[in-house]
There are 2 protein chains.
Amino acid sequence: MKDSKPHNWRRRRGYHHGNLKEVLVEAARQLIEQRGPEGFSLTEAARLAGVSAAAPYRHFRDREALLTEVARTGFEHFASQLEMAWDGGRPSPIKAFTNVGRAYLTFAGAEPASYSAMFEAGLSVEDSPELKVAADRAFAALRSASQMVIETAPKSATRPPGDLMSLHIWSMSHGVATLFSKGKPGCGKAPLSNEEILETGILLYLKGLGVIPADQ
Amino acid sequence: MKDSKPHNWRRRRGYHHGNLKEVLVEAARQLIEQRGPEGFSLTEAARLAGVSAAAPYRHFRDREALLTEVARTGFEHFASQLEMAWDGGRPSPIKAFTNVGRAYLTFAGAEPASYSAMFEAGLSVEDSPELKVAADRAFAALRSASQMVIETAPKSATRPPGDLMSLHIWSMSHGVATLFSKGKPGCGKAPLSNEEILETGILLYLKGLGVIPADQ
DNA sequence: TCCTTCATGTTAACAGTTCTTACTTCATAC
DNA sequence: GTATGAAGTAAGAACTGTTAACATGAAGGA
């Protein structure tokens, strides 16, 4: 669906499935997209994968373990997208930074199930070291980009630490990504697209930082 | 818990409960706080209210109807808090505006169940007119405050429409409120409190607007 | 004062669904 | 040709939402 290499989706050549683990993760994603992170069932994921209800237990200890795997792979993919968008700050830090913002929304829109497993499923990072590693990688991308943007500001300007700036940007991105979707409480009052809302917001924030001249 | 008048919580003087509807809503809030919006059960809410599993159907058509009521009353309360914090723009629009931001976080922290029913439960505003009314009231508070702040900006500055500004502020507030809590993926990297993160973010945004002098 | 009415409870049951385990069977790699 | 990993089958125990039929008791009119 998003990967270049084909998944052999639901293709089994015999008794053994072959790649049940990946297929279960993908099935879980489909279900989460429909019913939300708490509403998906291990049994139904198995059914969707064309396999018995007990089969998943060969690959996942728990229902929660599958959910965690969805979140983990989501963070991995998320991090890749952000890093790619940042592209080392090319062509310019500011331009690259807005690209990161766009990439954030693109990911949230293209993989809503991953996104909600990552941020709305109530998983704790402390429960799984692998999850923490993947999450940290994504945040590191945001933080290093923020840091580099800040350093382009004139010395006279107020320069908050890169950590803080990345939290600001992250918050606004997350807010835009989760609030303004179909049917959500705040929808309808926005004649603009998510991308436009976030981009104008980031631009104003960057002006406040002094990174962008105020009269632009 | 948050109201001045006592609820007669779980007090029944006979066969009839007296105020079962309110008590069920409050019970649902407790459960949602523990298990999330999708994880609460009508049966368990009834049990918590000290009443049979069928009793709630006298007051709510559905499981979802109860969830909707949690969200609706949440929005009502939310709107009140925001309006109170804004206080007509006193003592100054900027000060009042940061008060609104603080009130936003206070509400999300004090009533996490309401908040998640309002924004993370996947309820559609279109399904219930009453829900829409309550939600609109909250957003109106945010929008009128934004509008008034914008009008204090010098004419030379870029002045986005109040609608757009309120979406920016709402996004950042929602992001801060939902991202940086105990155990959440992004927690731990923040040596600052939610309030500090949001306040510094809003201040930088307002500088970008030209509402606050840049060298402050 | 009594008797009816009716909103509000209760009990009981149906029809699903889920998670999870124990044991069995298959097919592949060594 | 067998060890082993990966599926299937079956079953238990627990929930759930929801409905139907019955019980209660407070309010108000006769």
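Lettering of chains follows the sequences in order, A, B, ..., and the numbering in each one begins at 1.
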> Under 3.5 Å, is there a donor-acceptor pair linking the side chains of B:R29 and B:S114?
Replying inline: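 Distance-only check passes for B:R29 and B:S114.
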> Does a donor on one side chain sit under 3.5 Å from an acceptor on the other, for A:Q147 and A:E151?
Replying inline: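 There is such a pair between these side chains.
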Could you work out which one of [options] sits closest to the side chain of [X]?
X: B:S52; options: C:dT10, C:dT21, C:dT18; answer: C:dT10
X: A:L42; options: C:dC19, D:dT18, C:dT18; answer: C:dC19
X: B:A55; options: C:dT20, C:dT10, D:dA6; answer: C:dT10
X: A:A54; options: D:dT19, D:dT16, D:dA10; answer: D:dA10
X: B:D62; options: C:dT8, D:dT18, C:dT20; answer: D:dT18
X: B:E44; options: D:dT16, C:dG9, D:dG17; answer: D:dT16

> Quick one: A:K21 NZ to D:dG5 P, roughly how many Å, whole number?
Replying inline: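 Whole-Å distance recorded here is 15 Å.
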> Going by heavy atoms in the side chains, are A:F40 and A:R63 under 4.5 Å from each other?
Replying inline: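 A:F40 vs A:R63: side chains touch.
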>> At 4.0 Å (heavy atoms only), tell me whether B:S41 reaches a base, stays on the sugar-phosphate, or touches nothing.
In response: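 The residue B:S41 makes sugar-phosphate contact but no base contact.
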>> Within the 4.0 Å heavy-atom criterion, would you say A:R63 contacts the bases, only the backbone, or no part of the nucleic acid?
In response: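 The residue A:R63 makes sugar-phosphate contact but no base contact.
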>> Could you check whether B:E38 pairs with A:R35 (Lys NZ or Arg NE/NH1/NH2 to Asp/Glu carboxylate O, under 4.0 Å)?
In response: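 Salt bridge between B:E38 and A:R35, a charged N being under 4.0 Å from a carboxylate O: no.
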